[in-house]
Every structure is written in structure tokens, then in C-alpha cells.
Amino acid sequence: MTPLQNGKTGGELLREQLDLLLRAVQELLGGALQASSQDLLTHQRFLEERFGTGGKDLKI
């Protein structure tokens, strides 16, 4: 194959570009999962504060 840029072939450049895209998607996914986890934890704390964890009496 003929080098296109800095001695790299088209296939090598494509692999580099796909690696960059993969890392970007992984970072976005990681951020979304972290945000969702925080939302779940916040909701859990709210439910525990509002309704308690061990008592049978409903707090209103």
C-alpha cells in the first residue's frame, strides 16, 4: 500500500481514526453510566429518608 501521511497507509490511518472514535464513545458511555448510577443512589437515599428502611410505619 502507498503511504498517505507520515509514512502511514490508508489502513493505518483508518485504524487510528476508529481508535479515536472508540475512545470517545467509551468516555461518553462511562459518563452516562456514572450519571445514571448517581441518580439511582440519590433516589435510594430519598426513599430511605422518606419511607425509612426498617420500620413498618409509613412516614408521611
Side-chain angles (χ1 to χ4, degrees):
M1 295 192 126
T2 305
L4 300 176
Q5 180 183 15
N6 298 327
K8 296 178 184 175
T9 65
E12 291 169 326
L13 291 171
L14 179 59
R15 274 191 293 279
E16 285 180 5
Q17 293 170 7
L18 291 173
D19 285 340
L20 285 171
L21 287 171
L22 177 60
R23 282 193 297 267
V25 168
Q26 288 172 330
E27 287 178 19
L28 287 171
L29 182 58
L33 291 174
Q34 180 65 27
S36 296
S37 298
Q38 289 302 316
D39 290 343
L40 284 172
L41 291 172
T42 300
H43 191 248
Q44 179 71 28
R45 284 190 298 271
F46 166 77
L47 291 174
E48 288 174 352
E49 288 174 9
R50 180 75 174 158
F51 301 109
T53 55
K56 294 182 181 182
D57 295 334
L58 181 63
K59 296 177 186 177
I60 298 180

Validation: residues 28-42 side-chain donor-acceptor distances under 3.5 Å, sequence neighbours left out:
| residue | atom | partner | partner atom | Å |
| --- | --- | --- | --- | --- |
| S36 | OG | A32 | O | 3.1 |
| S37 | OG | L33 | O | 2.9 |
| T42 | OG1 | Q38 | O | 2.9 |
| T42 | OG1 | R45 | NH2 | 3.3 |

Legend entry - Listed partners of E12 passing salt bridge (charged side-chain N to carboxylate O under 4.0 Å, His left out), at least two apart: none
Inset, instruction - State which residues pass side-chain contact (heavy atoms from CB on, under 4.5 Å) with L4; sequence neighbours excluded, sorted by chain then number. - result: L13
Inset, instruction - Only pairs at least two apart or in different chains count here, so list each salt bridge (Lys or Arg N to Asp or Glu O under 4.0 Å) that has a residue in residues 15-33. - result: K8-E16
